[in-house]
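The first residue of the sequence shown is numbered 1, and numbering continues consecutively from there.
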Amino acid sequence: QVQLEESGGGLVQAGGSLRLSCATPGRRVTDYAMGWFRQAPGKEREFVAAVDWSDSITYYTDSVKGRFTISRDNARNTVYLQMNSLKPEDTAIYYCAGKGRRTWDPSPLQSDYEYWGQGTQVTVSS
């Protein structure tokens, strides 16, 4: 079983920034393509961003393009989601996910990911 540990969530004003981290203790993060998903109150979980195993290919949902950046530090076995220009509609629980198959493919599909973190709350006030 692969454990994913998210951190970095919190409360921020609109226009502010947060950086989420996802660590894979005891595992090489290079074994996985990694993604971030989020679930707002009353809504289904949705794709946010993903990166391939080598940090060469990234993929974003349209609503975060130009504001969010996914990256990875493979030496630290950690993946990041830098979130800038935050909006109240970004409020959600953010989940880190990893997939060990087709690691060159930063998929937006939740069903492609085998491993999930517990989530970290991000709240953006207006």
Let me confirm one number: the OG1-CD1 distance from Thr120 to Ile93, rounded to the nearest 0.5 Å.
9.0 Å

Could you pull out the closest heavy-atom pair between Tyr113 and Trp116, with the gap in Å?
O-NE1, 3.3 Å

Treating Arg19 as the side-chain partner and Gly9 as the backbone partner, does any N or O pair qualify as donor plus acceptor under 3.5 Å?
no

Quick one, Tyr60 with Val48, criterion side chain to side chain contact (heavy atoms under 4.5 Å, CB included). Give me CA distance, side-chain angles, the key distance, then yes/no.
CA-CA 6 Å; Tyr60 298 91; Val48 177; 6.0 Å; no

Any side-chain heavy atom of Met34 sitting closer than 4.5 Å to one from Leu4?
yes

Given 3.5 Å as the limit, does a donor-acceptor pair link the side chain of Thr91 with the main chain of Val124, or not?
yes

Supply the atom-to-atom distance Thr24 OG1 to Asp31 CG, rounded to the nearest 0.5 angstrom.
8.5 Å

Between OH on residue Tyr59 and OG on residue Ser107, distance to nearest 0.5 Å
8.5 Å

Roughly how far, to the nearest 0.5 Å, is the CD1 atom of Ile57 from the CD1 atom of Ile70?
12.5 Å

Note, Glu5 side chain near Gln118 side chain (heavy atom, < 4.5 Å)
no

Please report the shortest heavy-atom distance between Gly119 and Glu6, naming the atom on each side.
N-OE1, 2.9 Å

For Arg45, the side-chain hydrogen bond (donor to acceptor under 3.5 Å, both in side chains) test, sequence neighbours excluded, returns Gln110

I'd like to know whether the aromatic ring centres of Phe68 and Trp36 sit less than 6.0 Å apart in this structure.
no

Minimum heavy-atom separation for Arg38 to Asp90, with atom names?
NH1-OD1, 3.0 Å

Is there a continuous path of hydrophobic side-chain contacts, each under 4.5 Å between heavy atoms, that joins Tyr94 to Val64?
yes

Which atom names give the shortest non-hydrogen contact between Pro88 and Ala14, and what distance separates them?
CD-CB, 4.1 Å

Give every donor-acceptor pair under 3.5 Å between a side-chain atom in residues 95-104 and any protein atom, sequence neighbours left out.
residue : atom : partner : partner atom : Å
Lys99   : NZ   : Arg101  : O            : 2.9
Lys99   : NZ   : Arg102  : O            : 2.7
Lys99   : NZ   : Asp105  : O            : 2.9

Does a side chain donor of either Asp73 or Thr78 reach within less than 3.5 Å of an acceptor in the other side chain?
no

Can you name the nearest heavy-atom pair linking Trp53 to Asn74, along with the distance?
O-ND2, 3.4 Å

Where do Gln82 and Ser71 land on the side chain to side chain contact (heavy atoms under 4.5 Å, CB included) test, with the steps shown first?
CA-CA 8 Å; Gln82 178 67 44; Ser71 63; over 6 Å; no

If we ignore hydrogens and angles and just use 3.5 Å, is the side chain of Arg72 paired with the main-chain N or O of Val29 as donor and acceptor?
yes

Quick one: does Arg27's side chain have a donor or acceptor within less than 3.5 Å of a partner on Ala23's backbone?
no

Closest heavy-atom pair, Pro108 versus Phe37, reported as atoms and distance to 0.1 Å, is O-CE2, 3.6 Å

Would you say that more than 12 heavy atoms from the other residues, nucleotides or ligands in this model lie under 6.0 Å from the CD of Glu89, or not?
yes

To the nearest 0.5 Å, atom OG1 of Thr30 lies from atom CG of Asp55 at 12.0 Å

Any side-chain heavy-atom pair of Met83 and Val122 under 4.5 Å:
yes

Taken to the nearest 0.5 Å, the spacing of Gln13 CD from Ser126 OG works out to 9.5 Å

Take Tyr32 and Val79 through the side chain to side chain contact (heavy atoms under 4.5 Å, CB included) test and state the conclusion after the steps.
CA-CA 11 Å; Tyr32 310 97; Val79 176; over 6 Å; no

Within one Ile-Leu-Val-Met-Phe-Trp-Tyr cluster: Leu20 and Val2, side-chain cutoff 4.5 Å:
yes

